[in-house]
Amino acid sequence: MKITSLGGLEVSRIGFGAMGMSAFYTGAGRSDDESIRTIRRALDLGVTHIDTAEVYGPFTNEELVGRAVRGRRDEVVLATKFGLISHTGRSGPDSTPANIRLAVEGSLKRLGTDYVDLYYQHRVDPDTPIEETVGALAGLVAEGKVRHIGLSEAASATIRRAHAVHPVAAVQTEYSLWTRDPEAEILPATRELGIGFVPYSPLGHGFLTGNIRSLDGLDADDWRRTNPRFTGDNLARNLRIVDEVRAVAAEVEATPAQVALAWLLAQGEDIAPIPGTTRIARLAENTASAGLTLTPDQIARLNSLPPASGDRFDEDNMAAIDR
């Protein structure tokens, strides 16, 4: 597995997003034992970057990851997030110093470690200045409880303000062949500042695998059933994207998922996506994408795909990003 740097933090080019093992997707949480085997197999394959958050579950995903990496902590770059759960009784996002202190202590306990390698603000808190939040995180770095700090779904201006207080190692935002938004402002800012970029949902919430052509088969509580890009006429229109990905995959004798991930890796050495799965077979497929090279013509074809139809979140969640 190739290695890259996120603002000085070395990680595998392909990481692992553990969220779907505990929340939001079809089959989440059905077999913790299988999930643990999958994470451990990821480590065997050279995946070093494991991403979780206190809100996944909530809390159960961090516990799961903690169990999976027990005895192998020195092989892992552990990333987790705070801010969507308030431990102080406040309503809404909570990135106050008091909440950060309580959040990190809980995460450390659930993960079974005395430090987090990469600690993200999950969403920007509109009621707490980013300078105050980052100041509190800098204190945790000084104490050794956090090695590096990150931001998720933050606007470029916020990233700059945060980085001026303390170096930000990574910014995590949705980025894939059907979510190209970061290319306009976020990626130019992170590259100017020397910050790494971590695409979450690099397979478009599973859409870019080519296996979803209708909502049939999704659990009743699967988050995608209410996502604008999967509902109404948008799903049918978005199939144009995955059909071209499938065409390129046939040319290179790879899977659509591998092509989608290879395209992301081709966007720059500072990019380290975190696809997720609960299955070892799918894990092997994802990690193999690190060795796939697309031709300039194939990349150009993928670059020219139409934008996805529909917002990437519902109205409330759209209001919480890019702040």
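Sequence positions, counted from 1, serve as the residue numbers for this chain.
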Under 4.0 Å between a Lys/Arg side-chain N and an Asp/Glu carboxylate O for [X] and [Y]?
| X | Y | answer |
| --- | --- | --- |
| D270 | R191 | yes |
| R323 | E153 | no |
| E34 | R41 | no |
| K81 | E54 | no |
| E174 | R312 | yes |
| K109 | E62 | no |
| E75 | R72 | yes |
| E143 | R101 | yes |
| R90 | D125 | yes |

If every non-hydrogen atom of [X] is compared with every non-hydrogen atom of [Y], which pair is closest and at what distance?
| X | Y | answer |
| --- | --- | --- |
| R225 | T231 | O-CG2, 3.2 Å |
| V76 | D117 | O-OD2, 3.4 Å |
| V165 | G135 | CG1-N, 4.1 Å |
| S156 | I186 | N-CD1, 3.5 Å |
| V259 | A254 | CG2-CB, 4.5 Å |
| L292 | Q258 | CD2-O, 3.7 Å |

Taking the side chain as C-beta and beyond, is there a heavy-atom pair between [X] and [Y] under 4.5 Å?
| X | Y | answer |
| --- | --- | --- |
| D51 | V65 | no |
| V116 | K145 | no |
| T158 | H163 | no |
| I149 | L118 | no |
| N286 | F16 | no |
| Y120 | Q172 | yes |
| W178 | V242 | no |
| P256 | L208 | no |

Might you work through the ring pair (Phe, Tyr, Trp, His ring centres under 6.0 Å) test for Y200 and H205, ending with a clear yes or no? CA-CA 9 Å; Y200 76 81; H205 309 293; 7.2 Å; no
Short question: side chain of [X], backbone of [Y] - any donor-acceptor pair under 3.5 Å?
| X | Y | result |
| --- | --- | --- |
| D314 | N317 | yes |
| Q298 | T295 | yes |
| Y56 | G20 | no |

[X]: side chain to side chain donor-acceptor pair (under 3.5 Å) partners, not counting sequence neighbours:
| X | answer |
| --- | --- |
| S86 | T88, D94 |
| S289 | none |
| R123 | S152 |

Look at the rings of Y175 and F197 and say which category their plane angle falls in: under 30° parallel, 30 to 60° tilted, over 60° perpendicular.
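Taking F197 first and then Y175, their aromatic rings stand perpendicular (interplane angle over 60°).
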- Message: Apply side chain to side chain donor-acceptor pair (under 3.5 Å) to residues T179 and R229 and explain how you reach the verdict.
- Response: CA-CA 11 Å; T179 300; R229 292 189 176 176; 2.8 Å; yes
To the nearest 0.5 angstrom, please state how far the [atom1] atom of [X] sits from the [atom2] atom of [Y].
| X | Y | atom1 | atom2 | result |
| --- | --- | --- | --- | --- |
| D127 | T96 | CG | OG1 | 10.5 Å |
| L177 | F207 | CG | CZ | 11.0 Å |
| D44 | T287 | CG | OG1 | 11.0 Å |

*Does NZ or CZ of R73 lie under 6.0 Å from the centre of the six-membered ring of Y115, at an angle within 45° of the ring axis?*
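That pair qualifies as a cation-pi contact.
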query: So, T52 and R110: side-chain donor and acceptor under 3.5 Å apart, yes or no?
result: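 Note: T52 and R110 side chains miss the donor-acceptor criterion.
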* Asked: Distance only, no hydrogens: is a donor on one side chain within 3.5 Å (strictly under) of an acceptor on the other, for T255 and E285?
  ->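 Their side chains do contain a donor-acceptor pair, which is all the 3.5 Å distance test asks for.
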Exercise for the section: Step through the shown structure and confirm whether more than 12 heavy atoms of other residues, nucleotides or ligands are within 6.0 Å of CG on D297. Expected result: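 Yes, the 6.0 Å shell around CG holds more than 12 heavy atoms from other groups.
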Notebook entry, point to check: Crowded around R301 CZ? As in, over 12 foreign heavy atoms under 6.0 Å?
Noted result: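 Atom CZ in R301 is crowded, with more than 12 foreign heavy atoms closer than 6.0 Å.
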**Prompt:** How far apart are the C-alpha atoms of R237 and N234, what are their side-chain angles, what is the distance that settles it, and do they pass the side chain to side chain donor-acceptor pair (under 3.5 Å) test?
**Reply:** CA-CA 5 Å; R237 284 192 288 266; N234 287 338; 2.7 Å; yes
ask   = Are L64 and I85 co-members of a hydrophobic cluster defined by side-chain heavy atoms under 4.5 Å apart?
value =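 Different hydrophobic clusters.
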| ILVMFWY cluster, L264 and V198 together (side-chain gap under 4.5 Å) |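 In one cluster with L264: V198, no.
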Discussion item. Q121 vs S95, test: side chain to side chain donor-acceptor pair (under 3.5 Å). Steps then yes/no.
Written reply: CA-CA 7 Å; Q121 181 187 38; S95 291; 3.0 Å; yes
